[in-house]
Amino acid sequence: MTMTTLSVAAIQMVSGDDLAANLAQADLLVAKAVAQGAHYVALPEYFYLMPADERDRLALAEPFGRGALQQRLAALATRHGIWLLAGTLPLQGTQPGRFFNSSLLFDPQGQCVARYDKTHLFGFDDGHEHYQEADTMQPGTAIVSADTPWGNTRLSVCYDLRFPELYREAPAPVLIMAPAAFTHTTGLAHWTLLLRARAVENLAFVVAPAQGGIHPGGKRTFGHSLIVDPWGQVLACHAEGEGIAMATLDFKQQQIWRKRLPALQHRCFNT
């Protein structure tokens, strides 16, 4: 049976270089979201670790389906009886010295029902800030959808937002997930614009939990965790620092919008 409404929480964190502290804080924020009525909770990219040296994540990479981090998140979903998006976790790659930056979706029984390996790796250099994820990460190669009780959910991560074709592949998603750690520089310019554009052009809800503050090494993330409806309206936002953005998604209303604008449900390029 398809769900017609869904209470969603986008968790915003300011993760540091202490794994245990980050995981404990994620547990606390998830519990708070559940206490506020959330049935689906999404954590941000890198919620487990935001170190000064990006290579520190390599040591934590786990085989898919095994490992302490995955077991902890599965148990967290089971304990609260919720759908849980583990923003991103490090999974072992096939290239030496690189890991997959993977978004995992757990159901209320703690089963991982979808894995998406971040496809588009972020690179940025303005002379003051320098980021190159390809130095430590291996890109994914597949677009991933999850079949959920509310409909098709498309998984994505952060920089993927700049590549709209990822979201236009069939089946058309009713919900787009975009956990992120957008830099303050790029986020200030493009974060809200990109999220609203992806929502409108796909007539989909977009849930984007983010990192939002100052991290080890002086890195600054933009925050502004958002939940956007298919008409491009911002339903909830948590601007800076740790917190929760919550909203109830109305899929009946979404179907009304889709009937009014049916052309948007077709792929841009038909073969």
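Side chains are part of it too, since the values below use all heavy atoms of this structure and drop only hydrogens, waters and symmetry mates.
Considering CH2 of Trp191 and CZ of Phe182, their distance stands at 6.0 Å, rounded to 0.5 Å. To the nearest 0.5 Å, atoms CD1 (Ile11) and CE (Met246) are separated by 8.5 Å. In this structure, CG on Leu249 lies 7.0 Å from CG on Leu235, to the nearest 0.5 angstrom. Annotation: the span from Thr141 atom OG1 to Asp117 atom CG amounts to 7.5 Å, rounded to 0.5 Å.
Side-chain atoms of Asp250 and Thr5 form no donor-acceptor pair, as typed in the model, at a separation below 3.5 Å. For Glu242 and Gln12, the side-chain atoms include no donor-acceptor pair closer than 3.5 Å. At a cut-off of 3.5 Å, with distance as the only test, a side-chain donor of Glu45 or Asn101 sits close to an acceptor on the other residue. Side chains of Glu62 and Gln70: a donor on one and an acceptor on the other come within 3.5 Å. Side-chain contact check for His215 and Thr221: at least one donor-acceptor pair (N or O, by modelled atom type) lies under 3.5 Å. A donor and an acceptor atom, one from each side chain of Thr78 and Gln109, are nowhere located under 3.5 Å apart. Side chains of Gln233 and Asp229: a donor-acceptor N/O pair is present below 3.5 angstrom, by distance only. Using modelled atom types and a 3.5 Å distance limit, the side chains of Arg55 and Thr136 yield no donor-acceptor pair.
Stacking of Arg57 on the aromatic ring of Tyr46 is recorded, both the 6.0 Å distance cut-off and the 45° axial limit being met.
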Problem set entry | Full working for side-chain contact (heavy atoms from CB on, under 4.5 Å) between Tyr40 and Leu175 | CA-CA 12 Å; Tyr40 183 6; Leu175 175 60; 3.6 Å; yes
Problem set entry | Stepwise side-chain contact (heavy atoms from CB on, under 4.5 Å) check, Leu19 with Tyr48 | CA-CA 6 Å; Leu19 175 66; Tyr48 63 96; 4.1 Å; yes
For this session: Might you work through the side-chain contact (heavy atoms from CB on, under 4.5 Å) test for Ile227 and Phe205, ending with a clear yes or no?
Result: CA-CA 7 Å; Ile227 301 175; Phe205 289 99; 5.6 Å; no
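Clustering ILVMFWY residues whenever any of their side-chain heavy atoms sit less than 4.5 angstrom apart, transitively, puts Val34 in the very cluster that holds Phe106. A continuous path of hydrophobic side-chain contacts links Ile176 to Val113 [ILVMFWY only; heavy atoms under 4.5 Å]. No path of Ile, Leu, Val, Met, Phe, Trp and Tyr side chains, each step under 4.5 Å between heavy atoms, connects Leu85 with Val30, placing them in separate hydrophobic clusters.
For Phe64 and Phe100, the ring centers are positioned 6.0 Å apart or more.
Classification of the Phe163-Tyr159 ring pair by plane angle, with boundaries at 30° and 60°, yields perpendicular.
Remark: Asp27 engages Arg72 in a salt bridge, criterion side-chain N to carboxylate O under 4.0 Å. Of the charged side-chain nitrogens involved, at least one lies within less than 4.0 Å of a carboxylate oxygen, so that Lys118 and Glu133 count as a salt-bridged pair.
Between Phe47 and Ala26 the shortest heavy-atom distance is CD1-CB, 4.0 Å. Considering all non-hydrogen atoms of both residues, Leu104 and Leu89 come closest at CD1-CD1, 3.9 Å.
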